[in-house]
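Every chain is numbered from 1, with letters handed out A, B, ... down the list of sequences. What you are looking at is a predicted structure, and each value in this text was computed from that prediction instead of being measured. Atoms considered below: every heavy atom in the structure, side chains included; atoms not considered: hydrogens, waters and symmetry mates.
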Amino acid sequence: MGLYRDSFRLAYQAESPVNWCEALGTVLADEEVINGRSERGDHPVHRIPLRQWMLRITAYADRLVEDLEKLEWPDAIKEMQKNWVGRSQGAEVDFPIETSGFEYDAWTAGRKNAGFPEEPEHDVIRVYTTRPDTLFGATYMVLAPEHPLVEKLTTDEQRSEVNKYIEYASTLSEEDRIAGHSEKNGVFTGGYAVNPVNGENIPVWIADYVLISYGTGAIMAVPGHDQRDFEFAKTFGLPIRAVVMPTEEWLDRLRPSGRNQAPLSRDTYARDIGLLSEAFTENGEGMQSANEGVSLDGLPTDQAKEKITGWLVHSGIGHPAVKYKLRDWLFSRQRYWGEPIPILHALDSEGKPTGIIQAVREDELPVLLPEMDDFKPTGNPAGPLGKAAEWIRIRRDGQSFARETNTMPQWAGSCWYYLRFCDPKNRYQAFDPGKEKYWMPVDLYVGGAEHAVLHLLYSRFWHKVLFDRGHVSTIEPFLKLVNQGMILSTTYRTSDSRVVPYSLIEFREGGAFYEKTGEELDGVTEKMSKARGNVISVDVPIQKYGADTTRLYEMFMGPLESTKPWSMQGVAGISRFLNRAWRMIVDESSEGLELHSSVVKEGAAADLQQLRVLHKTIDSVTRDMESLSFNTAISRLMEFVNYFTGQAVRPRSCMESFVLMLSPMAPHICEELWQVLGHSESIAHASWPVLDPRYILESSVEIPVQINGKVRGRITIAADADQNELEQAALSDPNVKKHLEGHSVRKIIVIPKKMINIVAVPK
RNA sequence: GCCGGGGUGGCGGAAUUGGCAGACGCACAGGACUUAAAAUCCUGGGAUCGGCAACGAUCGUGUGGGUUCGAUUCCCACCCUCGGUACCA
């Protein structure tokens, strides 16, 4: 059986941007789930053929990787997406099955004439390899247990064992397979194939370490240069042949197993390769790899790959190929909730499907779910909608149709919601093209790293399809991505390891206690999770301190991107800060809301030092906000308050600028302060304070003076002092002089406005 | 195993990317106000050593090397930790 017995691109075109399935180049696939598990993974799926809708995301694999370069995303996420797509470059090679009448020379001659066929003949095993340069080291082959040729290769003698193994492999769960990593298992089919580069007969095995879903579902095993094949060969006593000479360092590092063994030399490597504990899988130099037409001996791995691939093409035995880990996307769900897939199946006069399908017309969209009393899963491929008899039937142009009853997965909505957000109330279109053009792309997407591959890859895929069809104006949806860190909470446990819900914990001096029993609790830091009951409701700090304080505190705890432990310690400091800011501006003793007597109304009253503090604050806060460094922005605002609280005269213009800078982070209190400062319009519409660079230029600067890298003094000097002046000032500093006694100055390094370093040696 | 983050005072974290390590805040200590407490305000603080003191010296950003006049920052090796991924041929 093949995973795709029949897949095709829908032949018709439709221009509706809402007709997602069609627009995405949907393919229909016959998937016979033989080895599958249910989504929950707790019971095997029934062996029934399902016709399910797939989205051909693999067609976009390369673009999904290449276009990452254009994005301002965290490297970690880009890397994850690259790995997920998992592009690899190699070659497909055909190994004929050894049958009684098989003749190697005749086969190679035939291939040389005909060339490499698109589909392998029925008696040929096609493999994919990233190391075609190791073909001469292929001493056996392994097929996935589900591979269609297993049946043909299995000899009568081996049949019962092979069947047993297939049965065993099909019951293995994902976890079992991972758990069994190191212990290789498998069965010999009894059949042989022919290594096409040297005509050798090699045994064909089946093993669960070869996956039906990747590559061709079959491999050539090169135990000398692949770790898995090496382990397998050792387990089952299969021959190991050296065809790549390792580097000296590798040979030296990797001693043969057993005590007191000397390292293998280049001379003994080929003979004793089986004594090693690891295969050499890096790049080396070809060896023992030659036939009448081609030799790889002495060639570095890169060149050897190229040369053998050329020869394979020339001989009609193989061709270059690219494979991806990324699979096409199974888009059908057999459940009620979800967008109905807008496809119609044409019916014949007796009400049977003709096999012809059509997209729902644009004016018939959207297709809404029918009202149903019973929408529970049915275990039937049609899903719950299969029971909505009236909804299913539709007549159009004198022809009967049945609606598709599978629905889309949750992903469908999250793949394009940002586009709908551009025009959320449009009743006639998914979105207006003009509005899309105005808003897109999304400038900044703040989201959790848990969406690194699925959501963020799927929506990029949809967006590219929509771009190709002219529905969106950009090739990527999200320009900049920031992953906010999770806030971790401490999970508290009783002495017998029961988890105590956060709400039942009492914090007293010296630790946490179980509210009911007074028992002292042990803490382990974990992420917050509903299941563990250690989710901290944001209502608690909001009730105690208010929304502004809570919000500001979360921003102050640390950088946006990093994970942070939740702690109420420190929230009091933020509360104090907001109170101080309030008292800096508002006269508390008055009945109403009146300006503090120190706040003067004329802007001109600010002195130079105050203006300097103000504009330094504007400078750093502006930059911090732009780089999302909220924690340091808040620090700067605290410094501002610390300074101005000590000022007997607080110019109103300075106070206004401060409130403006604080307002995005503490909107409620700032709105009130803005009113107290005499404004009737909302602060939300006031503009950000403007930096006047004149005030942040210092006329004189204090510069540390180092001797041999250690600070020995500091000088205050005009900011525009030249090299010579700086040197003289440094050398005349008393402490510097003291330390230079008995030394001679060899060199003076001057970094203007930053640092002077005197290199001195003892006389 | 592989890929990607991170490791700085008692704690959360700063450091304009090679130029004064520890901004800001918490907790702590001392003081002021108060009958008292809360609130508020002021002062202190990386460690060690010397000094009544201001101050001075030495050490100090996970560990060990290296580059440099100068390293939290760059390079090499290692340890720990968090996230992702897992037989992908």
Quiz item: Since syn is defined as within 90° of 0, does B/G9 count as syn or as anti?
Solution: syn

Quiz item: Looking at the side chain of A/Pro704, which of B/C20, B/C3, B/G70 is the nearest nucleotide?
Solution: B/C20

Self-check item: Assigned glycosidic conformation for B/U17 [threshold 90° from 0]
Solution: syn

Practice problem: Kindly say if A/Arg580 contacts the phosphate of B/C41, meaning a side-chain N or O under 4.0 Å from OP1 or OP2. | Solution: yes

Self-check item: Secondary-structure stems, RNA chain B, at least 3 Watson-Crick or G-U base pairs under 3.5 Å
Solution: B:1-7 with B:79-85, B:10-12 with B:24-26, B:28-32 with B:40-44, B:46-50 with B:55-59, B:62-66 with B:74-78

Quiz item: What nucleic acid atoms does A/His225 come within less than 4.0 Å of, heavy atoms only: base, sugar-phosphate, or nothing?
Solution: nothing

Quiz prompt | Presence of A/Arg576 side-chain N/O under 4.0 Å of B/A27 phosphate oxygens OP1/OP2 | solution = yes

Exercise. Mind checking A/Arg87 for me? I need base, sugar-phosphate or nothing, with any heavy atom below 4.0 Å counting as a touch.
Key: nothing

Quiz item: Strictly under 6.0 Å, is that where the ring centroids of A/Phe556 and A/Tyr553 end up?
Solution: no

Quiz item: Counting side-chain heavy atoms from C-beta on, which of B/A89, B/G84, B/C69 comes nearest to A/Asn757?
Solution: B/C69

Quiz item: Which part of the nucleic acid, if any, lies within contact of A/Asn579, taking any heavy atom under 4.0 Å across all strands shown: a base, the sugar-phosphate backbone alone, or nothing?
Solution: nothing

Quiz item: Under 4.0 angstrom, heavy atoms only, what part of the nucleic acid is A/Ser88 near: base, sugar-phosphate, or nothing?
Solution: sugar-phosphate

Quiz item: Are any side-chain N or O atoms of A/Gln227 and backbone N or O atoms of A/Ala279, one a donor and one an acceptor, separated by less than 3.5 Å?
Solution: yes

Quiz item: Just checking A/Lys710: base, sugar-phosphate only, or nothing, at a heavy-atom cut-off of under 4.0 Å?
Solution: sugar-phosphate

Practice problem: Kindly point out which of B/U58, B/A23, B/A89 is positioned nearest to the side chain of A/Val210? | Solution: B/A89

Exercise. Take nucleotides 10-18 of chain B nucleotide by nucleotide from the 5' end and write B, S or -, depending on whether a protein heavy atom sits under 4.0 Å from the base, only from the sugar-phosphate, or from neither.
Key: --BSS-B--

